[in-house]
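Written below as structure tokens is the structure these notes are about.
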Amino acid sequence: MTWFQNIISAHGNRTLNLMKESELMDQVSEFLDLFLPAFANTRCADNINNELDSTANFLREISAYRAKLGFTPNETAMFVLSLKDAVLPILQDAFAQDRALLAREIINLNKVIDRLGLVTLESFVETREKMISDQNRSMLELAESANRSKSYFLASMSHEIRTPIHVITGLGSLLAESELSNQQREYVEIINRAGNGLLALVNDILDLSKIEAGQFELENAPFNVRDLLNGSISILSLPARDKGLQIVCLVDDDVPDEMIGDADRLRQIFLNLINNAIKFTKTGNITIHVTYRDNNLHAAVVDTGKGIPKNKQEIIFSPYMQSDSFVRRQHGGTGLGLTICRQLVEKMGGKIWVDSTIGQGSSFQFSLPLKAVSAQESLEYQESCSIDAKANSHPKEPPHEQCIHILMAEDAPENCVLFKAFTKKMPWTVDIAKDGSEAFLKYTTHRYDLVLMDIEMPVMDGYTATRAIRHWEQEQGRPRTPILALTAHAMRDHREHSLEVGCDGMLSKPISKDRLIQSIQEILTA
């Protein structure tokens with residue numbers, strides 16, 4: 001083993017300490033060719049810095065390698081001192097006859113060793129910092145990759161779950177419209193409640209996935225705060241009444257009626273907090289108190305439940321976390337509601353927190369920066385939106401008075417049955433294609449007023465089929481036929497991709513009967 005291999009090996013320093021002088025001399029012989037010319041005689045000693053440069057660069061490489069092996073700074077310092085111990089006997093032999101020169105060269109040796117020590121330690125620090133930086137970057141890339149994989153998995157699972165929910169809720173709503181016995185109607189209501197509950201769960205998971213994937217956008221439009229609160233309370237008044245709870249809403253006089261922001265997401269926050277308060281309160285009431293100060297809307301949802309322990313008040317805002325396993329068993333749920341509330345509030349530039357005392361209840365509060373606007377400003381905004389919509393529209397004869405010919409590309413037979421049931425009372429004809437390839441063939445051989453294009457299909461998917469249709473229209477000089485994408489995906493990139501390939505809009509499953517008919521009517525009159 002050479003001196004280089006010995007010094008930079010994981011046991012280098014320890015081995016040097018155990019070696020005899022003769023063995024040490026053999027192992028440093030290669031180093032002497034670079035290092036000793038600086039001490040060969042008086043004249044070379046004057047050029048010590050030139051010799052030192054090549055030696056320092058050499059040692060820098062060694063030190064960097066030692067740092068990668070995991071040596072500590074102390075061990076690196078010992079490495080430099082071992083070089084001095086190796087060279088000192090050689091200097092003593094070389095200048096044995098001239099004590100003055102020996103003293104001078106020992107002083108030079110100490111200077112060299114000090115400089116080499118500094119160079120070595122600098123190299124050590126640089127290498128370790130680079131290693132840490134590389135490790136941090138790798139860990140960040142790994143975390144981002146894992147997050148993308150999780151978001152993709154959640155989006156895919158959402159698609160697979162939403163498809164059967166679409167059939168369950170759709171057929172359930174159709175059954176509810178038919179003649180049923182009391183017991184049958186009760187069963188149908190249970191089916192609908194279960195389907196809607198499952199859909200709410202999937203939507204929560206999807207919302208969280210959208211936020212984490214950076215695909216969540218906020219609206220910015222005027223809305224009436226008091227109307228929003230009344231609507232939210234109205235939605236949850238029945239479950240509160242069933243538990244004998246009263247919902248009290250207190251809105252200070254200084255709260256403006258009109259504000260600018262995302263009304264739907266603010267409503268979602270209120271609904272989550274009020275629903276949680278109802279869920280965890282057995283007796284008493286739910287109080288909602290809203291104030292407005294310094295351009296900030298402050299809201300508190302206060303319950304008279306059992307309260308939350310201090311050490312659990314932060315974790316309940318984490319995904320899939322609840323205060324304890326008993327809560328999960330007794331009340332169910334995934335623990336996503338509060339996580340989504342925090343994500344929404346923070347995305348809107350606000351903050352959310354909880355104050356709670358065991359046995360006395362909890363107060364969930366949030367503060368949002370929302371700009372107040374006058375009723376006149378709100379009206380002007382709505383009128384400008386209405387003018388823009390009219391300018392971009394071309395009114396046609398109402399579609400319910402026309403016979404509309406629709407091509408539906410859908411590979412799931414149950415979805416085809418459901419769609420035909422939805423539209424059976426409309427004067428519309430529906431032609432079914434079981435995949436994108438068949439849809440393209442039918443489109444090029446028949447005339448249609450509208451195409452409903454499922455995205456996920458075998459043989460040829462909806463994106464490819466839409467591109468083919470748009471290309472064929474251009475080649476044939478045919479007018480553009482509206483295409484509505486139908487998908488159980490609900491991520492922003494799916495909507496954007498649908499528009500990029502030539503679709504005129506997208507409907508996310510599950511789709512209610514009223515929403516489907518309304519969407520068809522709107523796109524045909526646009």
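Bear in mind the structure is a predicted one, so any value in this text is a computation, not a measurement.
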Carefully, step by step, assess Thr287 and Asp303 under the rule side-chain contact (heavy atoms from CB on, under 4.5 Å). CA-CA 7 Å; Thr287 303; Asp303 64 56; over 6 Å; no
Ignoring hydrogens, what is the shortest heavy-atom contact between [X] and [Y]? Give both atom names and the distance.
{"X": "Val290", "Y": "Ala299", "result": "CG2-CB, 4.2 Å"}
{"X": "Val354", "Y": "Phe317", "result": "CG1-CE1, 4.0 Å"}
{"X": "Ile511", "Y": "Ser508", "result": "CG1-O, 3.4 Å"}
{"X": "Ile523", "Y": "Ile483", "result": "CD1-O, 4.5 Å"}
{"X": "Leu407", "Y": "Ala439", "result": "CD2-O, 3.5 Å"}
{"X": "Met506", "Y": "Ser498", "result": "SD-OG, 3.8 Å"}

Determine yes or no for a side-chain-to-main-chain donor-acceptor pair under 3.5 angstrom, with [X] supplying the side chain and [Y] the backbone.
{"X": "Thr281", "Y": "Ala277", "answer": "yes"}
{"X": "Ser234", "Y": "Asn230", "answer": "no"}
{"X": "Tyr443", "Y": "Val451", "answer": "no"}
{"X": "Arg470", "Y": "Gly502", "answer": "yes"}
{"X": "Asn285", "Y": "Gln246", "answer": "no"}
{"X": "Asp449", "Y": "His405", "answer": "yes"}
{"X": "Lys243", "Y": "Ile278", "answer": "yes"}
{"X": "Ser512", "Y": "Arg515", "answer": "yes"}

Determine whether [X] and [Y] make a side-chain contact, defined as any pair of heavy atoms from C-beta on separated by less than 4.5 Å.
{"X": "Met408", "Y": "Leu486", "answer": "yes"}
{"X": "Leu418", "Y": "Leu174", "answer": "yes"}
{"X": "Thr429", "Y": "Ile404", "answer": "no"}
{"X": "Asp461", "Y": "Ile455", "answer": "no"}
{"X": "Trp428", "Y": "Cys403", "answer": "no"}
{"X": "Leu266", "Y": "Leu228", "answer": "yes"}
{"X": "Arg478", "Y": "Arg447", "answer": "yes"}
{"X": "Leu238", "Y": "Arg241", "answer": "yes"}

What's the separation between atom [atom1] in [X] and atom [atom2] in [Y], rounded to the nearest 0.5 Å?
{"X": "Thr357", "Y": "Lys306", "atom1": "OG1", "atom2": "NZ", "value": "14.5 Å"}
{"X": "Phe364", "Y": "Leu273", "atom1": "CZ", "atom2": "CG", "value": "7.0 Å"}
{"X": "Lys279", "Y": "Leu245", "atom1": "NZ", "atom2": "CG", "value": "14.0 Å"}
{"X": "Ile352", "Y": "Cys341", "atom1": "CD1", "atom2": "SG", "value": "5.0 Å"}
{"X": "Thr423", "Y": "Ile520", "atom1": "OG1", "atom2": "CD1", "value": "7.0 Å"}
{"X": "Ile406", "Y": "Thr481", "atom1": "CD1", "atom2": "OG1", "value": "12.0 Å"}

No-hydrogen, no-angle side-chain donor-acceptor test under 3.5 Å, [X] and [Y]:
{"X": "Tyr463", "Y": "Glu456", "value": "no"}
{"X": "His298", "Y": "Ser367", "value": "no"}
{"X": "Gln268", "Y": "Arg265", "value": "yes"}

Apply side-chain contact (heavy atoms from CB on, under 4.5 Å) to Phe419 and Val430, showing your working. CA-CA 9 Å; Phe419 178 81; Val430 181; 3.6 Å; yes
Mark yes when over 12 heavy atoms from residues, nucleotides or ligands other than [X] sit less than 6.0 Å from its [atom1]; otherwise mark no.
{"X": "Glu346", "atom1": "CD", "result": "yes"}
{"X": "Asn182", "atom1": "CG", "result": "no"}
{"X": "Lys513", "atom1": "NZ", "result": "yes"}
{"X": "Gln476", "atom1": "CD", "result": "yes"}
{"X": "Asp294", "atom1": "CG", "result": "no"}

Scan Gln474, Glu475, Glu473 and name whichever one has a side-chain hydrogen bond (donor to acceptor under 3.5 Å, both in side chains) with His471.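 With His471 as partner, Gln474, Glu475, Glu473 yield a single side-chain hydrogen bond (donor to acceptor under 3.5 Å, both in side chains), made by Glu475.
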Taking only residues two or more places apart in sequence or in another chain, which ones pass salt bridge (Lys or Arg N to Asp or Glu O under 4.0 Å) with Glu186?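 Here no residue qualifies.
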Any residue meeting salt bridge (Lys or Arg N to Asp or Glu O under 4.0 Å) with Asp227, in chain and number order, not counting sequence neighbours: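 Asp227 satisfies salt bridge (Lys or Arg N to Asp or Glu O under 4.0 Å) with no residue once adjacent residues are dropped.
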Charged N to carboxylate O below 4.0 Å: is that the case for Asp504 and Arg480?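 Here Asp504 pairs with Arg480 in a salt bridge, since their nearest N and O are under 4.0 Å apart.
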Can Ser181 and Tyr187 be said to form a side-chain contact (heavy atoms from CB on, under 4.5 Å), step by step? CA-CA 10 Å; Ser181 67; Tyr187 291 161; over 6 Å; no
Decide yes or no on side-chain contact (heavy atoms from CB on, under 4.5 Å) for Lys434 and Val459, but give the supporting numbers first. CA-CA 10 Å; Lys434 64 179 180 295; Val459 184; over 6 Å; no
Show your reasoning for whether salt bridge (Lys or Arg N to Asp or Glu O under 4.0 Å) applies to Asp431 and Lys420. CA-CA 10 Å; Asp431 198 0; Lys420 286 188 172 182; over 6 Å; no
Using the ring centroid of each side chain, check whether Phe366 and Phe270 are separated by less than 6.0 Å.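 Yes.
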